[in-house]
Amino acid sequence: MNVDRVALRLVTARLARPFENRWQRYHTWTKLIVEVDAEGGTGRAECTAMETPFYNYETIVTAWYVIEEYLGPMLLAADDCGPHSCMRLWREVNGHEEAKGALETALWDLQARLHGRPLCEELGGSVRPVPVGATAGIEPTIDELLENVANAARTGYQRVRLKIQPGWDTDPVREVRAAFPELPVIADANAAYDESHVEHLTTLDELGLLALEQPFPRHSLPATAELQHRMETAVCLDEQVHSLRETQEAARLGACRMVNIKTGRVGGLGESVRIHDFCAGEGIPTFVGGKWDQGIGRWTNLALATLPNMTLASDVGPSDTYYDDDGAWPRLAFHEPGWVRPLPGPGTGAEPTGTLKVEREKELTKGGDH
Ligand code: MG
């Protein structure tokens, strides 16, 4: 494809209810939306980078800079570049997987649209129902957490992921398990623990969790492997696997029995599919993790979540759980309680509404900036 325009837009959406992880409490969420044009079509993606450099070093501002100054101009200068070749084009740019992943994902959407087929099929998945999981943040009290989980269970969500950290782990998790014994629960630590907590974390075994997600920081695979060998509960990796190579290393060490695939973290949809395929061969179930995605990102994640080894509930819940207006049409909604399904396309099948507050925008073309 001969890309002739790259557009960047920062848009802010208000959350339907505040969300708190171990770093901050959110009332709004600003995302970077990218667009690529070629051959009369437009592909879109939502960059997974956040406003802050806590989950990952990238932010929407660093992603904007790297795309505007490097990735975008390189793409515009290339005569023929698509989702399979763009990473080679950008190989001299170190890291910045979330910035690269945003543009690469937009190229996948564009290619699917030009082929007139749904993005899920372009990736190797299919238009099929996908089970959906919810995430419950750290709440001021256990009662508020229970109310939040009750809402998710009542709405039909098929599992809940509880954010945990030292001081907020066994007690809230035990209460949720007692109140909702049938609801599968993942405890997600976002790397809040270290090797000194191994003994403490093994006590989570008695709570019958579906998984303990990302207990330790990124560069502590041997400790994670030791924990997995000592725990019956599956360890699920998130922040620790940024590529197929890192996933292979984690599997070789026996450091996990589940993987949460986030497109941005691993540098786009192509690498996500390769990690999915590797995990399928190893018997490691996977799901798609979200980051309070607005509509464009939510429909993209749903396409990936239709791949055959995505057997666990993915973070692709109805958008009204998260936002009053998520900036895309149609709104992603349950097709039946606990299940969603992709649109028939082309691409994600979703279009921007243009109703969100635009903080900043920029267009790059072959002829120069606008
Ligand atoms: Mg996680």
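Order of appearance sets the numbers: ligands from 1, and atoms from 1 within every ligand. None of these values were measured; they are calculated from a predicted model.
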Verdict with reasoning, Asp324 to Arg331, per salt bridge (charged side-chain N to carboxylate O under 4.0 Å, His left out) | CA-CA 10 Å; Asp324 297 329; Arg331 298 286 301 261; over 6 Å; no
Heteroatom of Asp238 nearest to the Mg ion (ligand 1) (N, O or S, atom name) | OD2
Looking at Asp188, which of its N, O or S atoms is the nearest one to the Mg ion (ligand 1)?
-> OD2
All heavy atoms of Gly289 vs all of Asn301, minimum pair found to be O-ND2, 3.9 Å
Count the heavy atoms belonging to other residues, nucleotides or ligands that lie under 6.0 Å from CD of Glu359, then report whether that count exceeds 12.
-> yes
May I ask you to check whether Tyr26 and Trp292 place their ring centers less than 6.0 Å from one another?
-> no
Looking at Glu213, which of its N, O or S atoms is the nearest one to the Mg ion (ligand 1)?
-> OE2
